[in-house]
Amino acid sequence: MLRDLSKIRKDFDKAKLDENDIGASPIDTFKMWLSDAIESACIEPTAMTLSTVSKDGIPSSRILLLKNISDSGDFWFYTNYGSRKGNELKDKPYAALNFFWPQLERQVRIVGMASKLKEKESDDYFNSRPKDSQLSAIISPQSQVVESREQLEKWYEEAMESNKSIKRPSNWGGYKLIPTEIEFWQGRVGRLHDRIRFKLNQGDWLKERLAP
């Protein structure tokens, strides 16, 4: 029997977050926090929730992996352009990312506009993937209804046995999310959490504290 969910509670007491602990660049701070998550052996430290919205205003979220932070501070991820998220980004390019590292009692929330990467950038990443991941991207009509698991495996086996060279399919590639808002959240005792938000204002990042 499912236990009483209202009784499940954990206090956060590992760290604090002060305005003086964060410099002027939220990108540099994010890189530092991501490095902390990697070095602390957090499970899937690059995992993030990507939230998009349909043209009718219906939101949807899913977990992806962050694959790069560009020199200009853009966040890169890859997917099928014909998937639900691909279609939603086509209609409404604004999106949100959320990283959560429970071992560190930290999360980061990011809002921005997504656009497709250049074809070469998508080609370079696709060519770096293991063969089985390449084939999965090729054969999967992502987010579409399929007859069965067996049908997927049949398509995969046929692609595996094919002598054709493996190339990135035109319906698969990368996006970059250009951030306009980045919030750093540190859990604190008694739910009096620390929240420091950066908002882009005429090319400069404005830093401010939010109530928990």
Side-chain angles (χ1 to χ4, degrees), residues 1-5 8 34 37-38 41-69 74-103 107-178:
M1 180 180 294
L2 187 65
R3 59 185 291 191
D4 184 353
L5 300 184
I8 299 175
L34 180 57
I38 294 170
C42 291
I43 298 174
E44 295 287 11
T46 64
M48 61 186 185
T49 300
L50 168 67
S51 297
T52 56
V53 64
S54 72
K55 58 185 177 182
D56 298 320
I58 300 172
S60 61
S61 299
R62 72 289 289 164
I63 303 295
L64 284 80
L65 299 180
L66 176 68
K67 288 303 178 182
N68 186 35
I69 306 172
D74 305 330
F75 294 75
W76 293 17
F77 58 91
Y78 297 84
T79 189
N80 187 309
Y81 293 141
S83 65
R84 177 171 179 173
K85 56 186 166 302
N87 287 320
E88 290 181 347
L89 289 173
K90 180 180 178 181
D91 292 329
K92 292 185 178 295
Y94 283 102
L97 305 176
N98 192 95
F99 295 82
F100 180 46
W101 301 297
Q103 294 93 328
Q107 64 176 314
V108 179
R109 302 171 62 212
I110 302 171
V111 177
M113 178 175 286
S115 60
K116 288 183 180 179
L117 295 174
K118 296 177 181 178
E119 290 193 5
K120 185 181 184 305
E121 292 166 336
S122 291
D123 287 339
D124 289 344
Y125 174 69
F126 182 83
N127 294 334
S128 74
R129 302 181 90 201
K131 183 179 179 180
D132 55 355
S133 296
Q134 292 176 332
L135 294 178
S136 293
I138 289 172
I139 64 96
S140 174
Q142 192 175 118
S143 300
Q144 304 302 311
V145 175
V146 293
E147 179 182 329
S148 63
R149 171 74 189 191
E150 289 72 22
Q151 180 65 73
L152 285 173
E153 292 176 350
K154 179 181 178 182
W155 288 336
Y156 182 88
E157 290 171 3
E158 290 173 349
M160 182 70 76
E161 294 170 357
S162 173
N163 292 322
K164 295 180 180 179
S165 60
I166 299 178
K167 295 182 179 180
R168 178 182 65 88
S170 60
N171 65 341
W172 191 96
Y175 289 90
K176 60 180 178 181
L177 185 132
I178 304 169

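Numbers for residues simply follow the sequence, beginning at 1.
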**Ser128 side chain to Tyr125 backbone, donor-acceptor under 3.5 Å** = yes

**Request:** Give the minimum heavy-atom separation between Tyr78 and Ser122, together with the two atoms involved.
**Result:** CE2-CA, 4.0 Å

**Request:** Please round to the nearest 0.5 Å and tell me the distance separating atom CD of Gln107 and atom CZ of Phe99.
**Result:** 12.0 Å

**Asked** What is the distance from atom NZ of Lys120 to atom CG of Asn127, rounded to the nearest 0.5 Å?
**Response** 9.5 Å

**Prompt:** Is there a donor-acceptor pair closer than 3.5 Å between any side-chain N or O of Asn80 and the backbone N or O of Trp172?
**Reply:** no

**Asked** Which of these passes side-chain hydrogen bond (donor to acceptor under 3.5 Å, both in side chains) with Glu88: Ser54, Ser60, Ser83?
**Response** Ser60

**Asked** Which heavy atom of Leu65 sits nearest a heavy atom of Ala47, and at what distance?
**Response** CD2-CA, 3.7 Å

**Message:** Please find the pair of heavy atoms, one from Ile178 and one from Asp74, that lie closest to each other, and give the distance.
**Reply:** CG1-OD1, 3.6 Å

**Prompt:** In Å and rounded to the nearest 0.5 Å, what is the CZ to OG1 distance from Arg109 to Thr49?
**Reply:** 11.5 Å

**Prompt:** With a 4.5 Å limit on heavy-atom distance, are the side chains of Lys85 and Leu64 in contact?
**Reply:** yes

**Heavy-atom pair with the smallest gap, counting every atom of Ala114 and Leu89** = CB-CD2, 4.0 Å

**Message:** Any heavy-atom pair between the side chains of Asp132 and Leu135 that's under 4.5 Å?
**Reply:** no

**Item:** Passing candidate, side chain to side chain contact (heavy atoms under 4.5 Å, CB included) with Arg168, options Arg129, Gln134, Glu119
**Value:** Glu119

**Prompt:** If you round to the nearest 0.5 Å, how far is CD1 of Ile139 from OG of Ser162?
**Reply:** 13.0 Å

**Request:** To the nearest 0.5 angstrom, please state how far the CZ atom of Phe75 sits from the CD1 atom of Ile110.
**Result:** 3.5 Å

**Message:** Just checking Tyr94: does its OH atom have more than 12 heavy atoms from other residues, nucleotides or ligands closer to it than 6.0 angstrom?
**Reply:** no

**Prompt:** Looking at Ala137 and Phe126, what are the two nearest heavy atoms and their distance?
**Reply:** CB-CE1, 4.1 Å

**Prompt:** Heavy-atom distance under 4.5 Å between the side chains of Val146 and Trp155, does that happen here?
**Reply:** yes

**Item:** Atom pair OG1 (Thr46) and CD1 (Ile63), whose distance is rounded to the nearest 0.5 Å
**Value:** 11.0 Å

**Message:** Side chains of Arg62 and Thr52: any donor to acceptor distance under 3.5 Å?
**Reply:** yes

**Message:** Can you confirm whether Ile43 is buried at CD1, in the sense that more than 12 heavy atoms of other residues, nucleotides or ligands lie under 6.0 Å from that atom?
**Reply:** no

**Prompt:** Is the distance between the ring centroids of Tyr81 and Tyr175 less than 6.0 Å?
**Reply:** yes

**Request:** Search all heavy atoms of Phe77 against all heavy atoms of Leu50 and return the closest pair with its distance.
**Result:** CE1-CD2, 3.7 Å

**Asked** Less than 4.5 Å apart, any side-chain heavy atom of Leu34 and any of Leu66?
**Response** yes

